[in-house]
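Quick notes on the structure that follows.
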Amino acid sequence: MRVLIVEDEARLARNIAKALRETTLYAVDIATDGEDGLHQGLSNSYDLIVLDLMLPKIDGLEILRGLRGEGRRVPVLILTARDTTQDIIRGLDAGSDDYLTKPFDMGEFLARCKALVRRTYDRPSPVVHVGELSIDTAGRIVTLRGQRIELRAMEYRLLEYLALRAGQVVSRTEILEHLYDFNAETFSNVVEVHISALRRKLEAGSPYALIRTVRGQGYVIGEGPA
Amino acid sequence: MKPVSIRLQLSLMMSLLTLIIIAVLSTAAYIEFKESLLRNIDTTLRAMAQGIRAELDEEDTGERRETELRAITGSDTPDRHGRYRVWVEGRDEDLFFSDPPDEPLMQQLLRLPPEEQPEVGSLSLFNVASGTRLGAFRVIWMRYRIGLEVMNILVARSSAHVYHEVGEFLRLLLVLGGSATLLAVLLVRTIVSWGLRPVATAGRRLEQITHRSLGDEAKVMGEVPAELRPFKSALERMLLRLNKTLQQQEQLTADVAHELRTPLAIMKSTLQALRMQPRKAAEYEEGVDDALLDVGRMEQLVGQLLTLARLDAADELPDPAEVRLDVLLKSLAEAFGDPAARQGATVTWTDGPARSVQGNETELRQLFSNLIDNALRHGPRTGRVRVTLDDGPGPQVTVCVHDEGGAIPPEKLPYVFDRLYRVDSSRSQTAGGTGLGLAIARRIVLRHHGTIAITSDPQAGTSVTVQLPRYERA
């Protein structure tokens, strides 16, 4: 999952990014003014945008209208010091999905982020089942036939993304877009490397493949087009 | 002293007035009554004296004359007080007639020194006051000449009953007057209470005003009589001002809350992010430093709010004295110059002639350091801040703090001296500062009876100009 934080308080943005990277293992981009925020929001495919309202250059609500005007469905969480009911109503009416006022609790903020991402992928339950595999996205716990599987951060990110889109063919470009932030160093076969590592851990001793490769298109987990 | 109520004041005034009127009327009635009673006696006495004289003029026998005289004086009447006393004598105390005989009053009068006795051929009235041994009397003394003989006719009547009746009348007047005064007081109290009803109504309406209904001035008092209208409009103007102040205060409170909330939010996020997993000592140190940064920011904000509150609380300047502005500005330019030089900026001050203003040095130092600090933060990082001191216009000195900073949009210029106003609507704290520096500056300038203005232009940069009245040696 990849998140854009539009926040002019650089240290606050850094703290949120740190918490998101460490806890939910999301990839995080930061924009410190409205102009940059709108540009990044339009040019990259994010799974969530955390938006401050009072921003230099372009106001937060303007960014929101710009995104919705361009037909972007990305969930937006407004994170602001404006806490009156009118502000909240205005924010939600402008097309945001959630509203949180500063100062906020980091745990609550993270939980809301996860909930918004679940809804985007139409997965109301925090536990995703794919065959004998179950992934608890809230606690980041992966179990296969009741057996807990330890995954590296990048492996978990990849599995979570594929599992949320179970049954669909996910292209290599999509994986790169949704799992790596703007500054991440990627090498040409990075996706293949992590896919094979996942397969080693999940398909050990199993007669059939959990993750299948659709030649020329990408990867699919679970039941799907052969 | 506690002010006396209008009702009491009016009552007292009215009762005093009533009392004076009643007293004047009563005195007049009393005097008139007494005089008329005495006049009645006098008329009778005069007629009696005339009758006696006429009787004496007739040639009659002594016995018959006495009978006639007795008929005139009616001395047969048994009433002791109403009894007329008569004394008729000729020359050489030749007594003709006396009733009752040897009347001591008459003898006393006849013994009066000659100059006090009435002239021959005239008729005098004597009033014997009630204090004497004999009692109160009215006496008519007629002296006239028959041939060589001087006749004295004295007729008297006791006037004691007059004083008695007059006394009764006085008591009646006192009772009536007292009752009338009391009635007037009660009446006035009632009338005044009735007249003051609108005041009471207005008072009740005022009680219903809360800070919520302050702005609704139409509801404040409703319709009032003409006399209360100036009071009402003054009150409404006051409530309007109060409402405006209250709204500004509410806005300020909201702004302050926002200003405090942002560093609080950052600090909280820093600390919570730090707690999410075990970290290395260096990371904790970094987090603590981060949190301290926010604490410092809040400290600065609270400090400046307190400064403003203190400036607002007292209109009087503490310890005003002559302040050498050139010395003050030079020292400030030097103090700011060193830290500014480290980031590549400069603060310049051109030495000029000595200039003084009347003011408080601590406040003036705060004023100009706010302006220089502001100029350094909003100008370019390596820009030049110029501080100048000039004369005029008029009996003023002008201080200008100029930076090469970017233009403030003209529509935002009028607001830069407002509390917590930031030109950048994001309230971004990247430029530092609390948004209170210029507000404090303006407050100090106003306390010194000066003016402060700002101009901004992309080419010329931004200038804040302060004009203060020049120091006048007393």
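Residue numbers begin at 1 in each chain, while the letters A, B, ... track the order of the sequences.
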Exercise. Would you find more than 12 non-hydrogen atoms of other residues, nucleotides or ligands less than 6.0 Å from Arg152(A) atom CZ?
Worked result: no
For this session: Quick one: do Phe109(A) and Ser269(B) satisfy side-chain contact (heavy atoms from CB on, under 4.5 Å)? Show the steps, please.
Result: CA-CA 10 Å; Phe109(A) 167 75; Ser269(B) 71; over 6 Å; no
For this session: Check the surroundings of atom CD in Gln147(A): do more than 12 heavy atoms from other residues, nucleotides or ligands lie under 6.0 Å from it?
Result: no
Problem set entry | Minimum heavy-atom distance between Ala273(B) and Glu22(A), given as atom pair plus value | O-OE1, 4.4 Å
Seminar exercise, completed: Residues of residues 11-19 of chain A with a heavy atom under 4.5 Å from any heavy atom of chain B, in residue-number order, are Arg11(A), Leu12(A), Arg14(A), Asn15(A), Lys18(A), Ala19(A)
Problem set entry | Pick from Thr32(A), Asp83(A), Asp33(A) with the largest number of heavy-atom pairs that fall under 4.5 Å of chain B | Asp83(A)
For this session: Verify the neighbour count for atom CD of Glu286(B): are there more than 12 heavy atoms of other residues, nucleotides or ligands below 6.0 Å?
Result: no
Problem set entry | Crowding at CD, Glu207(B) (>12 non-hydrogen neighbours, <6.0 Å) | no
For this session: Taking Arg261(B) for its side chain and Ala81(A) for its backbone only, find out whether a donor-acceptor pair lies under 3.5 Å.
Result: yes
Exercise. Taking it one step at a time, do Leu110(A) and Met276(B) satisfy side-chain contact (heavy atoms from CB on, under 4.5 Å)?
Worked result: CA-CA 11 Å; Leu110(A) 294 172; Met276(B) 279 175 6; 4.0 Å; yes
Problem set entry | Crowding at CG, Asp312(B) (>12 non-hydrogen neighbours, <6.0 Å) | yes
Problem set entry | Contacting moiety of Leu274(B), where chain A heavy atoms sit under 4.5 Å | side chain
Exercise. Taking everything shown except Glu192(A) itself, do over 12 heavy atoms lie less than 6.0 Å from its CD?
Worked result: yes
Exercise. CD of Glu9(A) to CG of Asp294(B): how many Å apart, nearest 0.5 Å?
Worked result: 8.5 Å
For this session: Take atom CZ of Phe182(A) as the centre, draw a 6.0 Å sphere, and report whether it contains more than 12 heavy atoms from other residues, nucleotides or ligands.
Result: no
Exercise. What are the two closest non-hydrogen atoms of Pro103(A) and Lys268(B), and how far apart are they?
Worked result: CB-CD, 4.3 Å
